[in-house]
There are 2 protein chains.
Amino acid sequence: MTESVTIRGDLELVARTEHLFSSVREEFVCAARDLHTWNHLGARHAAQERMRNSGARRVRKLYGPAAPADQRTREHMYELAGRGARVRIAATALPHETIVIDRRFAILAGVDAPGGREYTVTTAPAVVGGVYALFEAVWEHATDLGVFLSDEPPLLDTESRTVLRALGSGATDETAARELGMSLRTYRRRVAELLHTLGADSRFQAGVRAGELGLHG
Amino acid sequence: MTESVTIRGDLELVARTEHLFSSVREEFVCAARDLHTWNHLGARHAAQERMRNSGARRVRKLYGPAAPADQRTREHMYELAGRGARVRIAATALPHETIVIDRRFAILAGVDAPGGREYTVTTAPAVVGGVYALFEAVWEHATDLGVFLSDEPPLLDTESRTVLRALGSGATDETAARELGMSLRTYRRRVAELLHTLGADSRFQAGVRAGELGLHG
DNA sequence: GAGCCCGTGGCAGCTTGCTGCCAGCGGACA
DNA sequence: TGTCCGCTGGCAGCAAGCTGCCACGGGCTC
């Protein structure tokens, strides 16, 4: 019996995992970077359809900090939430799509590559369990969608809070900019604006102010 | 080429992963429940020995919330920290041991079982990357060992708090150093130490942490 | 006194952060 | 269509921050 399979390309993935999505019984958890992954070919919609038909009782979806900045992704999150899924935003980027179904198998996505993205599907209990436990730990500290979006809106818009999060994560500007999908220049521009709004003269000071205002994203 | 191998029992694990531990080049990250795992047969000591000899530059070890309660584990954590490893305590339990070496391969432990614990060793990039990203996210929100243990009492000495004040005032290093009557070099040294104690990766983050801890000087 | 330890501070080289300037792009408007 | 406007992102140059290295000096033991 093979415990682990590696798949290259989205087409192949859809073909090979179709039955997995419709087999969801109890729980479906998913960590996603953004919407773009496997949005190609309506794969996502097909998956959704199957999810809806299946008896998945608990659906949890975790996004990276960049996700709420994107309009389409935000809409998608609302839609999910409306269907009873629990949606949260993590402070740290999640560049690798990760799905765990019923704690029985896991689907992990690699990075984009010329020959098509690489996916690994596994049923190895140690891997599934380990990934699940880590997911749980991240989930625990992630912010609920509702809280994230409605929290302290007056002062800062969504994007600013996203930047704030990135800053709080301790990433360098370069990393943060990449994670948020903007150029280094723009990211720094955002940071500068933020410092100005907070009336801070240094990043450290901005950190303190942000903390005082309870703005952790 | 096999990307993934499942191993049953600690003896087998030690035999099969020996070469992996000694091959660490850049980074070694590990999420552990407690000390007891593979403590049997001195496996851990052997691994440590190899780690020490290898050129691992960055070692990070993440424990579950239960770990610091145990005397022996605590001692072990100190020892690790003393050797330059970064140790943090997560808020959520991590029942599955997880190791990622150089972002090249991952070792994941399953649950205890009569026939011996089951381990999976994999080099599949998607799995390694996904696990690493999750680890990173958990790490981000975990508490530094030093902070965790010394929490309330005089966390920072007078000088550190003075530095903190200077930082919070928004002054540049040069100004701050002059005001505090110390050289620029020393001031920066103090700042670096401070960041380390706070477990912060950037000044901004340190600001947030400082605020959280109510340390405004 | 000699030798040792430890904290300091200068220096140098590098990384990171900051910002003005300008080109490009897309939407709004006449 | 052309023009204007606002936002973006590349570039370049500078400022600030970071850290390894080493030399100096004070306090310590032997």
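Reminder, nothing fancy here: chain letters follow the sequence lines and each chain counts from 1. All values derive from a computational prediction rather than experimental measurement.
- Listed by chain and residue number, Arg190(A) satisfy the side-chain hydrogen bond (donor to acceptor under 3.5 Å, both in side chains) test with Glu193(A) (two or more places apart in sequence, or in another chain).
- The CZ-P distance, from Phe204(B) to dC18(D), rounds to 15 Å in whole Å.
- Chain B approaches DNA chain C within less than 4.0 angstrom (heavy atoms of the protein), and the contacting nucleotides run 5' to 3' from dT8(C) to dC11(C).
- Thr175(A) approaches Thr172(A) most closely through the heavy-atom pair OG1-OG1, 2.7 Å.
- Between Val5(A) and Arg16(A), the closest side-chain pair of non-hydrogen atoms falls below 4.5 Å.
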Item checked: Verdict with supporting geometry, Leu194(B) and Leu167(B), side-chain contact (heavy atoms from CB on, under 4.5 Å) -> CA-CA 11 Å; Leu194(B) 202 56; Leu167(B) 277 170; 4.0 Å; yes
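- Nucleotide dC18(D) holds its P atom 13 Å from the CD atom of Glu193(B), rounded to whole Å.
- Interface residues of residues 179-189 of chain B facing DNA chain D, ordered by number: Arg185(B), Arg188(B), Arg189(B); criterion, heavy-atom separation under 4.0 Å.
- A donor-acceptor contact shorter than 3.5 Å links the side chain of Gln205(B) to the backbone of Gly168(A).
- We find that CD of Glu174(A) is positioned 16 Å from C1' of dG17(D), with the value rounded to whole Å.
- Residues Glu174(A) and Arg178(A) form a side-chain contact, since some pair of their non-hydrogen atoms from C-beta on lies under 4.5 Å apart.
- In this structure, CZ in Arg86(A) is found 13.5 Å from CG in Leu80(A), a value given to the nearest 0.5 Å.
- Taking a cutoff of 4.0 Å between a charged side-chain nitrogen and a carboxylate oxygen, Glu136(B) and Arg60(B) qualify as a salt bridge.
- Atom CG of Asp173(B) is separated from atom P of dC18(D) by 6 Å (rounded to the nearest Å).
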